[in-house]
Amino acid sequence: MKNRLINFARKYPIVFILAVCIIFFSASSPVFLSSQNLTNILLQVSIIGIISIGMTLILINANIDLSVGSILAFSAALAMGLQTYGLFFSIIACLAVGTLIGALNGFLVAKAKINSFIVTLGAMMGVRGLVYIYTQERPIVGTERALIDFGSSSVGPIPVIALIFVLMLIAAELVLRYTTHGRNAIAVGGNYEAAENAGIKVERHVLFNFMFIGFTAALAGLLLVSRTNSATAFLGTNYELMVISAVVLGGTKLTGGYGSMLNTFGGVLVIGMIQNGMNLLNVHAYYSMLIMGLILILVVFIDTRFKAPVNI
Amino acid sequence: MGNQNDVILEMKNISRSFPGVKALNQVNLEIKKGEVLALVGENGAGKSTLMKVLAGVYSRDEGEIIYQGKSVSYHNPLEAKEDGIIIIFQELNLVSELTVAENIFLGTMPTKRFGIIDRKKIKEEARRALNELECDYDENAIVGSLSLARQQMVEIARALVHRANIVILDEPTASLTGHDKEILFRNIRRLKEQGTAIVYISHKMEEIFEISDRITVLRDGEKTGTLVTAETNRNEVTQKMIGRDLDEFYEKASTKFGEEVLRVENLTRKDEFSDISFSIRKGEVLGLYGLVGAGRSEVAETIFGIRPSSSGKIYINGQEKRILNSRSAVSLGIGFVPESRKEQGLVLGMSCKENQSLANIRYLQKFGFIQEREVSRSFQEYQDKLSISCAGPGQPVVNLSGGNQQKIVIAKWLSVNPAILILDEPTRGIDVGSKAEIHKLIARMAEAGMAILVISSEMPEIMGISHRILTIHQGSISGEFSGEEITESNLIHAITNLSVDAC
């Protein structure tokens with residue numbers, strides 16, 4: 001029994017961490033486990049969570065995307081600023097531009113074979129520059145009531161944004177597990193050369209995943225401003241770090257070839273719970289950043305140290 | 001010799017298992033001062049594993065190592081090195097960005113005050129070692145810019161500087177030409193005169209008989225005997241290595257050939273090979289034989305589209321085709337079992353069935369969803385056909401033995417039923433049993449009408465399975481042999497004779 005428990009914790013460390021978080025915070029704060037607060041956590045993590053879905057695919061491919069925070073900001077600014085041309089147009093433009101930036105990243109990584117860290121580091125700075133140029137560092141406020149009505153609506157007790165996140169996550173898990181695209185993602189990240197030799201269209205695959213993460217970043221941006229009705233130049237700053245942390249906490253490897261959406265969900269929840277719990281305990285946000293950083297390193301250390309050994 | 005006092009190192013009852021394989025089983029080994037002990041055996045017999053256990057790369061499951069009268073147990077090669085045991089791996093352990101002298105002292109740099117490296121001393125001692133080894137190149141040269149043979153000499157210089165008692169050379173001539181081999185042998189003899197014991201791992205008979213004093217033979221992880229070189233002959237050693245006659249070991253496909261499937265004309269890739277022309281018919285096994293570095297794998301990878309060709313034409317079923325990448329090769333009906341299955345063939349993190357279905361997954365899906373049941377069924381079909389032993393379709397391939405891994409790579413291609421199958425060193429690092437099975441499989445695939453191109457550096461293998469053999473030397477075809485012309489001396493002549501002249 002004890003061994004089985006240890007094995008389970010080794011295999012799904014995120015479940016274990018999640019349990020520790022829940023026990024700790026529910027013991028220190030009576031409101032933590034209230035349905036109101038749990039819904040709150042889910043809502044808070046939805047934005048980062050949606051991008052994490054794209055990031056999981058990217059990391060499984062053994063790539064990385066640092067530009068998601070900037071893409072989010074740019075798309076959000078467009079979604080607000082272009083509302084003068086109609087709400088529908090602004091939404092399409094917002095999502096299309098995000099996907100397009102992703103396509104550009106993907107093209108440079110897949111076809112031009114430039115390291116994804118470098119490509120997206122460049123995009124992160126470049127797109128943030130576009131945000132400053134477009135917003136002139138002034139917040140852009142939306143004019144369409146419909147968007148903010150949508151953003152603050154709920155289906156039953158569940159906020160619509162959280163619902164979108166959860167549905168997307170389930171769909172992505174299905175894609176990862178049961179479709180050729182998911183299988184190819186693992187093959188490409190596990191052994192690029194072998195995947196290519198087997199006839200898999202690796203370049204198209206990688207390009208697609210970058211387009212998809214661009215789309216998720218834009219969608220996240222759209223949903224974010226659908227609640228605040230205002231886009232600033234600093235929106236989404238550090239989101240790439242939060243997203244990557246969440247995915248890695250979930251157990252997806254930066255070296256590629258392994259990962260799961262459900263684990264990512266766990267990682268996203270842990271980040272949300274720590275933020276929320278610290279808040280309930282009146283710990284200043286600065287400290288929660290510090291603690292999250294420490295936890296991330298600790299978890300990855302434990303993971304590499306105690307992972308069931310693999311003989312090659 | 002034979003005096004017990006000469007024994008500098010003794011390994012007793014060494015066993016070591018890896019998941020799925022017993023790599024070493026109760027092996028005993030004695031190394032004497034100032035001798036060259038050849039450690040021979042087929043690929044996968046456990047030669048390298050035994051030496052890696054000695055040097056602390058692998059731990060041992062049981063057994064004892066007695067070195068200079070003391071029981072020792074090293075945790076890594078560095079500890080062994082400090083004790084005077086140096087192992088030179090097949091894959092060289094050099095930092096290619098550093099100079100020759102720096103590499104020789106890597107990890108043991110002499111320092112002056114404040115930890116500053118004593119450059120003068122490093123250079124002087126490195127120079128002395130290189131002079132002793134008759135190496136005329138600069139100790140300040142960057143290692144990465146040197147040829148493979150010279151890099152190897154740097155490792156040997158390292159052994160010299162550290163006054164090693166035992167130097168282990170793991171297949172040192174695998175990538176050396178005739179001339180470089182002579183230099184290596186001269187240096188081995190020099191070390192021997194100084195009282196250093198040399199363990200020489202190889203499966204090349206000529207070399208073993210040229211350089212060694214005694215021969216220890218391993219087969220399937222067990223020691224099958226130790227022979228004094230002067231008192232034995234090749235047949236006896238081969239017998240101990242293989243444990244049965246070569247004839248029953250190889251199976252040739254029947255010689256009913258169909259029409260021509262693949263024709264290559266004047267295929268050239270700058271600096272690698274030039275003017276390669278040949279054709280293969282349905283049901284034929286064509287062997288491509290040559291030294292490592294002669295361009296064999298490069299030819300295969302060019303036909304498969306991994307490397308672009310500079311010029312030349314490829315015809316498939318009589319029609320000229322341009323093969324731009326591996327995907328177009330696959331769609332033209334070419335399959336490729338690469339030389340390094342872990343780097344180019346398998347996705348190690350995936351299961352058996354996932355790897356097996358990697359190439360034909362597009363036929364096992366509906367609307368993008370994988371038909372898991374079909375995948376498992378297909379895997380089981382090939383598991384039976386190829387007698388792949390694994391715990392189940394879902395077992396990760398990492399834990400399989402080399403032979404079973406290779407069968408999965410082959411099964412991957414069989415499932416797309418290619419017209420042409422290229423196999424690059426199909427039995428490298430595979431135990432003898434699986435090896436014979438793979439040879440049989442190649443024969444069966446040819447009989448089923450596949451055109452097969454096999455590359456191998458093992459002469460008995462290439463002679464045993466091919467209908468026709470092309471020899472390749474320094475990027476050009478140097479001979480073509482079929483039927484009675486396929487003899488050991490013809491092949492050796494075609495791949496080496498020229499190389500001695502060229503040096």
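Letters go in sequence order (proteins before strands), and every chain restarts at 1.
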Practice problem: Using a heavy-atom cutoff of under 4.5 Å, enumerate the residues of residues 368-375 of chain B that contact chain A, numbered in order, or state 'none'. | Solution: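 Checking residues 368-375 of chain B against chain A gives B/Gly368, B/Phe369, B/Ile370, B/Glu372.
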
May I ask you to say whether [X] pairs ionically with [Y], meaning some side-chain N is under 4.0 Å from a carboxylate O?
X	Y	answer
A/Glu196	A/Lys201	no
A/Glu203	A/Lys113	yes
B/Arg16	B/Glu62	no
B/Glu339	B/Arg428	yes

Need one label for [X]: side chain, backbone, both or neither, based on atoms under 4.5 Å from any heavy atom in chain A.
X	value
B/Leu346	backbone
B/Gln365	side chain
B/Phe367	neither
B/Val330	side chain

Indicate the atoms forming the closest heavy-atom contact of [X] with [Y], along with that distance.
X	Y	value
B/Ile388	B/Asn404	CA-OD1, 3.6 Å
A/Leu169	A/Met261	CD1-O, 3.8 Å
A/Ala218	A/Ile71	N-CG2, 4.3 Å
B/Ser415	B/Lys412	OG-O, 2.7 Å

Quiz item: Under a 4.5 Å heavy-atom cutoff, which of B/Arg327, B/Glu354, B/Met350 has the most pairs with chain A?
Solution: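 With the most close heavy-atom pairs to chain A, the winner is B/Arg327.
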
Quiz prompt | Near-ring test A/Phe265/A/Phe165, centroid separation under 6.0 angstrom | solution =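 They qualify: ring centres under 6.0 Å apart.
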
Quiz item: Who among A/Arg177, A/Glu193, A/Arg183 has the most heavy-atom pairs with chain B under 4.5 Å?
Solution: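 Heavy-atom pairs under 4.5 Å are most numerous for A/Arg183.
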
